[in-house]
Amino acid sequence: MTGPSNRPLALLGGKPGFETPLHVGRPNVGDRQRFFQSLEQTFDDRWFTNDGPLNRAFEAAIAEEVGARHCITVANGTLALQLLVRALGLTGEVILPSFTFISSATALSWEGLTPVFCEISPETHMIDADHAETLISAPTSAIMGVHLWGGFCDARALEDLGRRKGLPVIYDGAHSLGTKLAGLGAGQFGTATILSFHATKIVNAFEGGAIVTDDPALAERLSLMRNFGFTGPDSVVTLGINAKMNEVSAAMGLNTLGKVGTAIAVNEDRLARYRDALDPLPHLHLMKDPPAGVRPNRHYLVAEVDASGPLDRNQLLAVLEAEGVLARRYFYPGCHRSAPYALERGRAPLPATEALCERIIQFPTGETVSHEDIDRIGELLQAAYAQHRAISARVARDGAKPVA
Ligand code: T4K
């Protein structure tokens, strides 16, 4: 009898479950017609970049969505962070979690700051404010929380810490469009928050980013800095750079922002299906729901592989990759163990971060993933656990080849 458990797996010589690979981070397309229509005007006007009408409309719409007074669009989220720390005049060290995308740290280093890596809560995967407090010293100039997976980090604890220590709190909110904490958007916390509109984000502008803040002077500095420091023709008043968002990106941003509610509903629907599909698997746990009061956008489908189970995370990634399911292990190995920082001495180990890096797995979700796809992923995983001995032997012989 054949059933999910004895299905022939591609890693063991069977036919892959998916002819066309399934990706984590497939872009949302939004309303194609609206996108192309809005560009007709751009072509008619021949105004392609430099604070164009679509950029202004996108800035207003983002500011409203996240509840901030000001939004300054830029070319990507990494540049947003670089400009922000420069505009704030930060010096010395900035404390942030190691468990984040590498550019949260490298953007700081690029601006001459030293990232000091702190621990996370194993429950939320986000910054541990108590550990952050132990790392504050004379050179510390700011604390940066990172809102991961479409949830919120413990902003209240961080801001309490910032107040007590007289330090600004900033946020990397690259994942946080559409997320709410007690009805408040990401723009209602800290000195400022950076956003990303990379293709893989819930609201995408192909590439893009923004800084949101309530501080008018900071907003003014940032908008000068992103446009070479010009206040008018021939008048450069500050050191600037070209960090502008173009009109095509702003059109895509407006288009996908208009569909953010639908995108969240689709993500919720896929999560419900994954709950059923993964339910028979005792060693694979979907991430717990966020604390009460948080409305997540569910843009990442995050699970943890139980270390006491018969297969480890890398073996599961190898099984899935062979089947055409390109699951990921964000943010392995953790910034502190990535090449730019791995050789630094004298830093405390980060055991919670390192343990999570070995367990974490993200599955494909969103509008390009169907219920049938999710059911099939569940069956493939059941088959993998049922055939764990053959898989372990295969991997021991030829190596697990997890995606980067
Ligand atoms: N802070 C945090 C917490 C972040 O997560 C990020 C970015 C940033 C800051 C910086 O923001 P940006 O400067 O990027 O605006 C991807 C994204 O490139 C990156 O934006 C994102 N975080 C990170 C979590 O994921 P990679 O290196 O994994 O990208 P890549 O090329 O492997 O693509 C990811 C998956 O998406 C693949 O399975 C393929 C799929 N994909 C990708 C693109 C670009 C598509 O299906 N279509 C596409 O067009 O970093």
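Counting convention: from 1, in listed order, for ligands and their atoms alike. As the structure is a prediction and not an experimental result, all values here were calculated from the model.
Within ligand 1, the atoms closer than 4.0 Å to a non-hydrogen atom of Ser103 are 8 (C), 9 (C), 10 (C), numbered from 1 in the order shown. Counting atoms of ligand 1 from 1 in the listed order, those under 4.0 Å from a heavy atom of Ser104 are 1 (N). Taking every heavy atom of Thr100 and a limit of under 4.0 angstrom, the matching atoms of ligand 1 come to 3 (C).
Between Asp269 and Arg273, no side-chain nitrogen of the basic residue sits less than 4.0 Å from a carboxylate oxygen of the acidic one, so the salt-bridge criterion is not met. A salt bridge links Asp289 with Arg275: the closest approach of a Lys/Arg side-chain nitrogen to an acidic carboxylate oxygen falls below 4.0 angstrom. Under 4.0 Å is where a charged nitrogen must lie from a carboxylate oxygen, and between Glu358 and Arg337 at least one such pair does. Taking a cutoff of 4.0 Å between a charged side-chain nitrogen and a carboxylate oxygen, Glu247 and Arg56 do not qualify as a salt bridge. Salt bridge Lys244/Asp51: absent, no basic N to carboxylate O contact under 4.0 Å.
Separation of the Tyr341 and His336 ring centroids does not fall under the 6.0 Å cut-off. Close placement of the Phe35 and Phe206 rings is indicated, their centers lying within 6.0 Å of each other. Taking the six-membered ring where the residue is Trp, the centroids of Phe43 and Phe48 are separated by under 6.0 Å.
The protein heavy-atom contact nearest to atom 41 (N) of ligand 1 is Gly25 O, 3.7 Å. The single protein non-hydrogen atom nearest to atom 48 (C) of ligand 1 is Pro27 CG, 3.8 Å, given as residue, atom name and distance. Looking only at heavy atoms of the protein, atom 44 (C) of ligand 1 is closest to His198 CE1, 3.7 Å. Looking at atom 4 (C) of ligand 1, its nearest protein heavy atom turns out to be Phe101 CB, 3.4 Å. For atom 19 (C) of ligand 1, the closest heavy atom belonging to the protein is Lys201 NZ, 3.7 Å. The shortest contact between atom 40 (C) of ligand 1 and any protein heavy atom is with Val24 O, 3.5 Å. Among all non-hydrogen protein atoms, the one lying nearest atom 11 (O) of ligand 1 is Ser196 OG, 3.4 Å. Annotation: atom 13 (O) of ligand 1 to nearest protein heavy atom, Thr78 OG1, 2.6 Å.
Contact between His125 and Phe99 at its shortest, heavy atoms only, is O-CD2, 3.6 Å.
Between Tyr330 and Tyr300, the ring planes lie perpendicular to each other; the angle is over 60°, past the 30° to 60° tilted range.
With a 4.5 Å cut-off on side-chain heavy atoms, Leu11 and Ile391 count as touching.
A donor-acceptor pair under 3.5 Å is formed between the side chain of Arg270 and the backbone N or O of Val369.
The shortest N or O to N or O distance between Phe331 and ligand 1 is not under 3.5 Å. Note: no N/O pair closer than 3.5 Å links Tyr300 and ligand 1 by distance alone. The shortest N/O to N/O separation between His23 and ligand 1 falls below 3.5 Å.
Using a 4.0 Å cutoff on heavy atoms, Leu326 does not count as a contact of ligand 1. Under a 4.0 angstrom heavy-atom cut-off, Gly208 registers as being in contact with ligand 1. The shell of residues lying under 4.0 angstrom from ligand 1, judged by heavy atoms, excludes Gly209. Put simply, part of Arg328 is less than 4.0 Å from ligand 1, judged by heavy atoms.
Distances from atom 3 (C) of ligand 1 to the heavy atoms of Gln362, His175, Arg26, His147 put His175 nearest. The closest heavy-atom contact to atom 9 (C) of ligand 1, among the options Leu79, Thr200, Asp172, comes from Asp172.
By the definition of a contact as any protein heavy atom under 4.0 Å away, atom 22 (N) of ligand 1 is in contact.
Proximity of Glu207 to ligand 1, defined as any heavy-atom pair under 4.0 Å, is not found for any part of the residue. When heavy-atom distances to ligand 1 are checked against a 4.0 Å cut-off, Tyr330 comes that close only through its side chain, counted from C-beta outward.
Separation of atoms CG (Leu79) and CG (Asn242) is listed at 9.0 Å; rounding is to 0.5 Å.
Put simply, the residue from Asn204, Ile202, Val29 that forms a side-chain contact (heavy atoms from CB on, under 4.5 Å) with Thr256 is Asn204.
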